[in-house]
Amino acid sequence: QVQLVESGGGLVQPGGSLRLSCAASGSIFSIYNMGWYRQAPGKQRELVAIILSAGSTNYADSVKGRFTVSRDNAKNAVYLEMNGLNPEDTAVYYCYAYLKPTMKSWDDYWGQGTRVTVSS
């Protein structure tokens with residue numbers, strides 16, 4: 001079975017930086033896009049950043065200029081470099097992928113989440 005596993009979350013002071021990682025494992029035929037969503041307490045899950053297979057990216061307005069998403073196709077991995085963090089970035093961050101397992105149909109896959117807390 002395919003699974004996504006995130007890492008890199010933690011506690012950071014305002015203005016600090018953090019790097020999140022996610023790797024997809026299992027029998028995977030192809031990955032179209034990968035990215036990151038986040039969910040703050042009492043809020044809906046929202047898109048943070050996404051990167052398509054060809055390398056194009058999209059970011060939420062709230063993180064443009066501060067966050068950078070990248071991927072390593074050979075490792076089926078996606079990363080999120082977060083700079084200039086503020087308390088509003090506090091949330092559980094979820095890895096996302098739209099992919100096709102080797103002998104199954106395309107579908108959405110989610111990681112278990114990694115918590116990011118920005119506080120002094």
In short, Q112 meets V5 closest at the heavy-atom pair OE1-CA, 3.8 Å
Classify the side-chain pair R19/S17 by whether it contains a donor and acceptor separated by less than 3.5 Å. no
Reference residue Y37; test side-chain contact (heavy atoms from CB on, under 4.5 Å); the match among Q44, E46, R45: R45
Closest approach of M34 and A97, non-hydrogen atoms and distance? CG-CB, 4.1 Å
dist S27:OG -> K104:NZ (nearest 0.5 Å) comes out at 9.5 Å
With a distance cut-off below 6.0 Å to the six-membered ring centre and an angular limit of 45° from the axis, does K64 pair with Y59 as a cation-pi contact? no
Looking at C95, is its backbone amide N or carbonyl O close enough to the side chain of E6 to form a donor-acceptor pair, meaning the two atoms are under 3.5 Å apart? yes
G9 versus L20, closest heavy-atom pair with distance: N-CD2, 3.6 Å
Evaluation steps, side chain to side chain contact (heavy atoms under 4.5 Å, CB included), between I31 and R71: CA-CA 11 Å; I31 302 176; R71 66 191 290 173; 3.5 Å; yes
Show your reasoning for whether side chain to side chain contact (heavy atoms under 4.5 Å, CB included) applies to V69 and V78. CA-CA 7 Å; V69 64; V78 63; 3.7 Å; yes
Distance check, rounded to the nearest 0.5 Å: K75 atom NZ versus S25 atom OG? 14.5 Å
Check for me, please, whether V48 and W110 land in the same ILVMFWY cluster - side-chain distances under 4.5 Å, paths through other members count. no
Indicate, with yes or no, if V12 and W36 share a hydrophobic cluster defined by side-chain heavy-atom contacts under 4.5 Å among Ile, Leu, Val, Met, Phe, Trp and Tyr. yes
Check whether V118 and Y93 end up in the same hydrophobic cluster, where Ile, Leu, Val, Met, Phe, Trp and Tyr are linked by side-chain heavy atoms less than 4.5 Å apart. yes
Check whether any side-chain heavy atom of D107 lies under 4.5 Å from a side-chain heavy atom of L99, and answer yes or no. no
Where is the tightest heavy-atom contact between T90 and A40, given as atom of each residue plus distance? O-CB, 3.6 Å
dist L47:CG -> S62:OG (nearest 0.5 Å) comes out at 9.5 Å
Quick check: is Y94 connected to M82 through a chain of hydrophobic side chains (ILVMFWY, heavy atoms under 4.5 Å apart)? no
Yes or no on side chain to side chain contact (heavy atoms under 4.5 Å, CB included) for F67 and T57, after CA distance, side-chain angles and deciding distance? CA-CA 11 Å; F67 291 9; T57 58; over 6 Å; no
Distance-minimising heavy-atom pair for Y96 and I50: CE2-CD1, 4.2 Å
Are Y109 and L52 connected in the hydrophobic side-chain network, where two residues link if heavy atoms are under 4.5 Å apart? no
So does D89 pair up with R38, basic N to acidic O under 4.0 Å? yes
Quick one, T114 and V92 - any side-chain contact, counting heavy atoms below 4.5 Å? no
Heavy-atom side-chain proximity of P14 to N86 below 4.5 angstrom: no
Walk me through whether Y32 and W106 qualify under side chain to side chain contact (heavy atoms under 4.5 Å, CB included). CA-CA 9 Å; Y32 180 65; W106 290 88; 3.7 Å; yes
Measure across N83 and E81 and return the closest heavy-atom pair with its distance rounded to 0.1 Å. OD1-OE2, 3.6 Å
